[in-house]
Protein chains: 2
Amino acid sequence: MSPLSPGAMAAFKAAWQVWQVPAHHFLLREKSVSDYLYFIEEGVARIFYHKHDKQITEWIALDGNFFLSITSYFERTPSKLNIQTLEPSLVYGIHNHDFMRMAAENHEVETLLRRMVTRSLIMSQERMDSIQFESAQQRYEKLLENSPGILQRVPLTYIASFLGVTLETLSRIRSGK
Amino acid sequence: MSPLSPGAMAAFKAAWQVWQVPAHHFLLREKSVSDYLYFIEEGVARIFYHKHDKQITEWIALDGNFFLSITSYFERTPSKLNIQTLEPSLVYGIHNHDFMRMAAENHEVETLLRRMVTRSLIMSQERMDSIQFESAQQRYEKLLENSPGILQRVPLTYIASFLGVTLETLSRIRSGK
DNA sequence: ATAATTATTTGACAAATGTCAACTCAGGCT
DNA sequence: AGCCTGAGTTGACATTTGTCAAATAATTAT
């Protein structure tokens with residue numbers, strides 16, 4: 001799907017930076033403008049924000065996935081999101097300036113970006129449907145299917161929040177009612 | 001924001017078709033591939049799908065708004081969505097082939113498209129947040145604020161479904177408990 | 001205008017999940 | 001080994017919303 005030409009690909013790849021960070025490292029703190037779109041090569045990251053003094057886990061990125069503060073990255077506004085690793089991790093990041101500059105200079109990169117955003121939009125809608133119509137139980141089972149091993153790597157509190165239920169409810173789901 | 005150059009703008013505008021359709025007209029039926037991205041100039045349209053034999057209203061487009069079956073339009077897959085007008089309406093539509101061709105030929109159009117999709121993604125996330133954390137009451141009040149007059153134009157069943165509650169619950173919210 | 005149809009409201013009750021508090025358990029420290 | 005601390009579990013109860021059935025109100029067709 002939408003492979004870049006060799007030249008564009010080389011430039012695109014060169015724009016990515018790499019970081020090796022320890023567990024519990026913050027890649028983004030709320031109220032700051034998010035400069036990077038990340039890809040996690042090894043490790044896990046948790047994206048969360050505060051609502052009524054509680055932490056809401058909006059996303060859990062296991063290795064092999066992209067993540068970012070969409071609003072902040074694209075609109076250049078202060079983020080409400082925090083991004084924190086849960087394990088020592090190897091992450092790649094591409095700066096907004098670089099990505100936007102390359103997209104402006106190179107039509108192919110712009111197309112790639114548009115496709116990435118479109119994919120995210122479709123996933124976002126699927127998740128909304130899931131939250132609205134599936135029971136907590138179903139969401140939990142689906143999560144285990146799609147992300148086996150997540151239980152060994154992410155505390156249940158975060159998983160519960162990500163699923164949109166309380167820790168207690170998740171605990172009851174797990175114990176089989 | 002991202003104005004097109006005069007030439008691109010003229011071509012872009014020329015690509016839109018116009019239809020004057022009666023109330024209850026289907027602009028899209030489920031299982032068919034959606035060819036058009038729409039803008040409603042006058043009237044109202046309702047986007048809905050079937051789930052467990054019930055109709056779920058996914059979106060209500062009052063005049064002045066864009067709407068489409070995102071997945072079907074961009075991925076060229078059969079849509080699960082139906083789109084139906086609720087009033088006699090004046091709608092504009094741009095065919096997927098035309099939009100994609102223009103985006104491929106013209107970098108500016110591609111950028112415009114990317115920005116449109118990005119905006120949608122941000123709105124999608126806001127709606128998810130709303131469904132997950134606001135009470136039905138809050139969502140209802142917000143809807144009235146953002147779309148005054150909707151009550152006079154859209155049956156409550158559809159509004160209830162759009163808000164993610166049953167008709168009975170909406171009725172109770174309205175009666176003030 | 002009247003009857004038929006459709007939209008909305010209301011009531012009684014059930015299901016899912018949240019809240020708060022107490023309890024248990026495992027791993028890391030001393 | 002014994003103690004702490006944080007994570008996870010369990011119980012009792014409250015709250016929100018859903019479900020089903022019936023009653024009204026509004027709209028449309030004849």
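Computed from a predicted model, the values in this text were never measured in an experiment. Here is the naming used below: chain letters follow the sequence lines, and residue numbers restart at 1 for every chain.
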Thinking salt bridges, do B/E105 and B/R101 make one under a 4.0 Å N-O criterion? yes
Euclidean distance, atom CZ of residue A/F133 to atom P of C/dA16 [Å, nearest integer]: 17 Å
Identify which nucleotide among D/dT17, C/dT10, D/dT9 has an atom closest to any side-chain atom of B/S171, counting heavy atoms from C-beta outward. C/dT10
Is there a donor-acceptor pair closer than 3.5 Å between any side-chain N or O of B/D63 and the backbone N or O of B/I40? no
Whole angstroms only, please: what is the CG-C1' distance between B/L167 and C/dT6? 12 Å
Rounded off to whole Å, could you give me the CG-to-P distance for the A/L86 and D/dG6 pair? 17 Å
B/S135 side chain near D/dT16 phosphate (N/O to OP1/OP2, under 4.0 Å): no
Between B/T169 and D/dG18, does any side-chain N or O lie under 4.0 Å from OP1 or OP2? yes
Using a strict threshold of under 4.0 Å (side-chain N to carboxylate O), is an ion pair present between B/R119 and A/E75? yes
Hey, is the side chain of B/T166 poking within less than 4.0 Å of OP1 or OP2 on D/dT17, counting only N and O atoms? no
If you take atom types as modelled and just measure distance, does the side chain of B/R172 reach the base of C/dG11 with a donor-acceptor pair under 3.5 Å? yes
Would you kindly give the CD-to-P distance between B/Q137 and D/dT15, to the nearest whole Å? 16 Å
Shared hydrophobic cluster for A/L86 and A/F162 (ILVMFWY, side-chain gaps under 4.5 Å): yes
Just how far, in rounded Å, is P of C/dT6 from OH of B/Y158? 12 Å
What's the closest nucleotide to the side chain of B/E168 if the choices are D/dG18, C/dT10, D/dG8? C/dT10
Rounded to whole angstrom units, what separation is found between the OH atom of B/Y140 and the P atom of D/dT17? 15 Å
State whether the side chain of B/S72 and the backbone N or O of B/S69 hold a donor-acceptor pair below 3.5 Å, judged by distance alone. no
In whole Å, I'd like the distance from the CG atom of B/L156 to the C1' atom of D/dT27. 14 Å
For a quick test of reading the model: is some side-chain N or O of A/T157 closer than 4.0 Å to OP1 or OP2 of D/dG8? yes
NE2 of A/H24 versus P of D/dG6: gap in Å, rounded? 13 Å
